[in-house]
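Have a look at the structure below, then the notes.
First the proteins, then the strands, lettered A, B, ... as listed; each starts at 1.
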Amino acid sequence: MNKYRSHNCAELSEKEIDKIVYISGWLHRKRDHGNLLFIDLRDHYGITQCVIENNNKFFTVLEKSKPESVLKIKGKVVRRASGTENVELKTGKIEISIETLEVLSNAKELPMPVFGEKEYPEDIRLKYRFLDLRREEMHKNIILRSKVISFIREELLKLGFLEFQTPILTSSSPEGARDFLVPSRLNPGKFYALPQAPQQFKQLIMISGFDKYFQIAPCFRDEDARADRSPGEFYQLDLEMSFVEQEDVFSVVEKLMINLFKKFSSKKIINDAFPRISYENAMMKYGTDKPDLRNPLIIFEITDLFNREDIKFDIFKKLVKSGSIVRAIITKNTKDKPRSFFDNIDKWAKEQGASGLAYFTLEKDGGIIGKGPVGKFFSEEALKELIKICDAEIGDSVFLACGKKKEVEQLLSLARDKIANDLNIINKDQFSFCWIVDYPMYEYDEKLKKIIFSHNPFSMPQGDIKQLNFNKPLNIKAYQYDIVCNGIELSSGAIRNHIPELMYKLFSVAGYTEKEVNDKFSGMINAFSYGAPPHGGIAPGIDRIVMLLADKKNIREVTLFPMNQNAEDLMMQAPSNVSEKQLKELSIKKDIKK
RNA sequence: GGGGGUGUAGCUCAGUUUGGUUAGAGCGCCUGCCUGUCACGCAGGAGGUCGCCGGUUCGAGCCCGGUCACUCCCGCCA
């Protein structure tokens, strides 16, 4: 028998009554009656109540021990008197009558308690992450994360995927996020980059003939944080398959996701086959390429209405004449909502930097009328037309946004969420997945005044590649796809372009010469000229998946040791200064502007 | 880089609207009492640069300016 424990803290039951046992764990909670002392001893597995009386010489030791000290307790398992059982505890029918105890490790007074599940400031939680992680909720999240990863491994191994590791020190790549750089000692002045994703390596694995690969891959991007985005590093389930079309990837990943979410959550998955929405359609109906499909609200295009003579809404009409568009959100049966409901939304829109959201309700007063601030500008005929376009009814409300296409999309996308939340029409007990497909290969960057890749430059363009019209590059679509669940982008993937000539052409549209492509992507381009299989894959974000399964809004709740928003590790104090000697070895000089 | 929110005891927060005696509560901590608790109870106690700096004022936790920290968002994230 091990010297620390014969049983863990969740194990003992009536079966062990009268046995002498050893258990070890943290002093979770103390209830001191003066001459009788109860403690809850906690380990990873659970909690066991132990009791000691003042005739025991260890009584004062225990009385003086602080919470979270680590104890080893030896004692007899006894049945709790009827009426003193605790049904909440797995071990609640018994307790340990302490004979001896040993303090294995003393705890100082705690900066944050472990007992209780109150909220604490995040900087303290991050600094004392080891205490935070002892708490039930966090402990549970991290266990869930581990189980999710194991499950994914099992499923993919069953399907014939092989797990490989790819380099962490690699080369900096153009396109995409800012790289983390690592100076090279042996090559002064040169730098490695940490991979933003194992993108090129996974393609090289396919070219190396391994057919199906996956990896729980760390990815590094030096970009600013968000609630659902850690600064610095995150994990992807990176996977890639040879000789596949988009549908093959879809069927593997869709099944994996459904099995995973069914296994680890009791929430209902609305669509067993994920609906597919084209990028264009998503932008139209939801204003975003990561729509929350639990939200029933839809955006309608009604710009043309504003060319009608019988609409007198002059501000909008003027804007439309100069190229603005008008889109609308309809909310069902909301005519009796208080004025404050509408005003709040208008106020909110103004806070978003928009000029506001115009609104009115559709009511019947003899004929159909628009009631509300701007309702009077619409004739009955115009309202009938609007009702037709937007599939609206009497009693519904209409919210209108007017502006440049991008602004309207962005505002109405946020407004969809805002209004639906205010109306409480989002079912929080559901997962609603979809594929967003048919992404454009390129987009026009207004700031740089040039054409850039809209997603992954290695994606295969759609259609007959001999017939592609490179004079109209913005019309080229790619075999590029995202999985979205409840408004969160879970993964991004593509069928890759394995044809070097085509790749040069595609890059030239984005302003890269053949030489530049050769320089920047030498490993891969070279490999493509020695026989590359058609291949494709995807990379679901592990952190976000666990976030959804754990029902957390913040990625740090499902990460063991996250950094804060300034990309600092408050516990390890990273990043930190290094010695002059280290810098010298690396041929690095500091030049800090202040 | 920009915008919003927050900052008062170890922790959670009240007090800021309308400036005015010694800044409060709960949890935690310390001391004492308590033999059936499981958020144990009871009594007492310690604990504060009201984030920091400056200004206005007879007087600032409260008003003004600046600054710092944390957080949320925008930009950014192929």
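- Residues A/Thr166 and A/Gln215 bring a donor and an acceptor atom of their side chains to less than 3.5 Å of each other.
- In A/Lys405, the NZ atom is not crowded: 12 or fewer heavy atoms of neighbouring residues, nucleotides or ligands sit closer than 6.0 Å.
- On the C1' atoms, B/U22 is 34 Å away from B/C34, given to the nearest whole Å.
- B/U17 and B/C62 have their C1' atoms separated by 10 Å, given to the nearest Å.
- Separating the P atom of B/G7 from that of B/G61 is a span of 16 Å, rounded to the nearest Å.
- Counting any heavy atom pair closer than 4.0 Å across all strands shown, A/Asn554 reaches sugar-phosphate atoms only and no base atom.
- Nucleotides B/U16 and B/U6 have their P atoms positioned 14 Å apart, rounded to a whole Å.
- One N or O donor and one acceptor, one from the side chain of A/Glu95 and one from the base of B/G36, sit under 3.5 Å apart.
- Atom CG of A/Asp445 and atom C1' of B/C76 are 12 Å apart (whole Å).
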Could you walk me through whether A/Asp292 and A/Arg294 pass the salt bridge (Lys or Arg N to Asp or Glu O under 4.0 Å) test, one step at a time?
CA-CA 5 Å; A/Asp292 186 347; A/Arg294 296 172 305 172; 2.8 Å; yes
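- Distances shown here put a side-chain N or O of A/Lys66 below 4.0 Å from the OP1 or OP2 atom of B/C30.
- Within 3.5 Å, no donor on the side chain of A/Glu122 pairs with an acceptor on the base of B/U71, nor the reverse.
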Test salt bridge (Lys or Arg N to Asp or Glu O under 4.0 Å) on A/Lys552 and A/Glu137; report intermediate values, then the result.
CA-CA 11 Å; A/Lys552 294 291 162 214; A/Glu137 180 86 23; 2.7 Å; yes
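- Only the P atoms considered, B/G4 is 34 Å distant from B/G48, to the nearest whole Å.
- Taking the P atoms as reference points, B/G26 lies 35 Å from B/A69, given to the whole Å.
- Comparing B/C38 with B/G15, their C1' atoms are spaced 35 Å from each other, to the whole Å.
- Within 4.0 Å of A/Gln196, counting heavy atoms only, lies no atom of the nucleic acid at all.
- The A/Asp123 side chain lies nearest to B/C70 when the options are B/C29, B/C70, B/C74.
- A salt bridge links A/Glu14 with A/Arg79: the distance from a Lys NZ or Arg NE/NH1/NH2 to an Asp or Glu carboxylate oxygen falls below 4.0 Å.
- For A/Gln49, taking side-chain heavy atoms from C-beta onward, the closest of the listed nucleotides B/C77, B/G75, B/G36 is B/G36.
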Between A/Arg125 and A/Glu557, does a salt bridge (Lys or Arg N to Asp or Glu O under 4.0 Å) hold up when you go through it step by step?
CA-CA 10 Å; A/Arg125 292 180 54 198; A/Glu557 300 295 316; 3.0 Å; yes
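- Evaluation of atom-type donor-acceptor distances gives a pair under 3.5 Å for the side chain of A/Asn86 against the base of B/C38.
- Note on A/Arg29: a side-chain N or O is less than 4.0 Å away from OP1 or OP2 of B/C40.
- In this pair, A/His33 lays its aromatic ring flat on the base of B/C40, centres within 5.5 Å and planes under 30 degrees apart.
- In this structure, B/G65 forms a base pair with B/C53, meeting either the Watson-Crick or the G-U wobble geometry with both donor-acceptor distances under 3.5 Å.
- Here the P atom of nucleotide B/C74 and the CG atom of A/Leu411 are 13 Å apart, to the nearest Å.
- Residue-level contact check: A/Arg556 touches the backbone only, with heavy atoms under 4.0 Å from sugar-phosphate atoms and none from bases.
- Within the 4.0 angstrom heavy-atom criterion, base atoms lie near A/Phe38.
- Nucleic acid contact class of A/Glu443 (heavy atoms, under 4.0 Å, all strands): none.
- Electrostatic pairing of A/Arg496 and A/Glu240 counts as a salt bridge here, judged by a charged N lying under 4.0 Å from a carboxylate O.
- Residue A/Arg31 has its side chain nearest to B/U37 when only B/G28, B/U37, B/C73 are considered.
- In this structure, of B/C76, B/C74, B/C72, it is B/C74 that holds the atom nearest to the side chain of A/Gln410.
- We find that CZ of A/Arg80 is positioned 13 Å from P of B/C40, with the value rounded to whole Å.
- As rounded to the nearest Å, B/G5 and B/G66 have P atoms that lie 14 Å from one another.
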Return a single string for nucleotides 9-14 of chain B, one symbol per nucleotide in 5' to 3' order, where B is base contact, S is sugar-phosphate-only contact and - is none, cutoff 4.0 angstrom on heavy atoms.
-SSS--
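- In this structure, A/Glu53 atom CD and B/U37 atom C1' are separated by 13 Å, rounded to whole Å.
- Residue A/Gln565 has no polar side-chain atom (N or O) positioned under 4.0 Å from OP1 or OP2 of B/C70.
- The side chain of A/Asn35 has B/C34 as its nearest neighbour among B/C34, B/C38, B/C73.
- Closest to the A/Asn566 side chain, of the nucleotides B/C72, B/C70, B/C77, is B/C70.
- Between B/C72, B/C34, B/U37, one nucleotide has an atom nearer to the side chain of A/Thr84 than all others, and that is B/U37.
- A/Met441 approaches A/Ala478 most closely through the heavy-atom pair SD-CB, 3.7 Å.
- Of the candidates B/U35, B/U71, B/G75, the closest approach to any side-chain atom of A/Arg226 belongs to B/G75.
- We find that CZ of A/Arg229 is positioned 12 Å from P of B/C72, with the value rounded to whole Å.
- Crowding of A/Lys72 atom NZ: a count of heavy atoms from other residues, nucleotides or ligands under 6.0 Å exceeding 12.
- Between the CG atom of A/Asp228 and the C1' atom of B/C76 there is a distance of 14 Å, rounded to whole Å.
- Under the 4.0 Å criterion applied to side-chain N and carboxylate O atoms, A/Glu489 and A/Arg229 are not assigned as salt-bridge partners.
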Apply the test salt bridge (Lys or Arg N to Asp or Glu O under 4.0 Å) to residues A/Arg129 and A/Glu122: give CA-CA distance (whole Å), side-chain angles for both, the deciding distance (0.1 Å), then the verdict.
CA-CA 10 Å; A/Arg129 193 57 158 180; A/Glu122 240 194 334; 5.7 Å; no
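- Base pairing of B/A25: its partner is B/U12, meeting the Watson-Crick or G-U wobble criterion (both donor-acceptor distances under 3.5 Å).
- In this structure, A/Asp32 places its CG atom 11 Å from P of B/C40, rounding to the nearest Å.
- As rounded to whole Å, 15 Å separates atom P of B/C40 from atom CD of A/Glu63.
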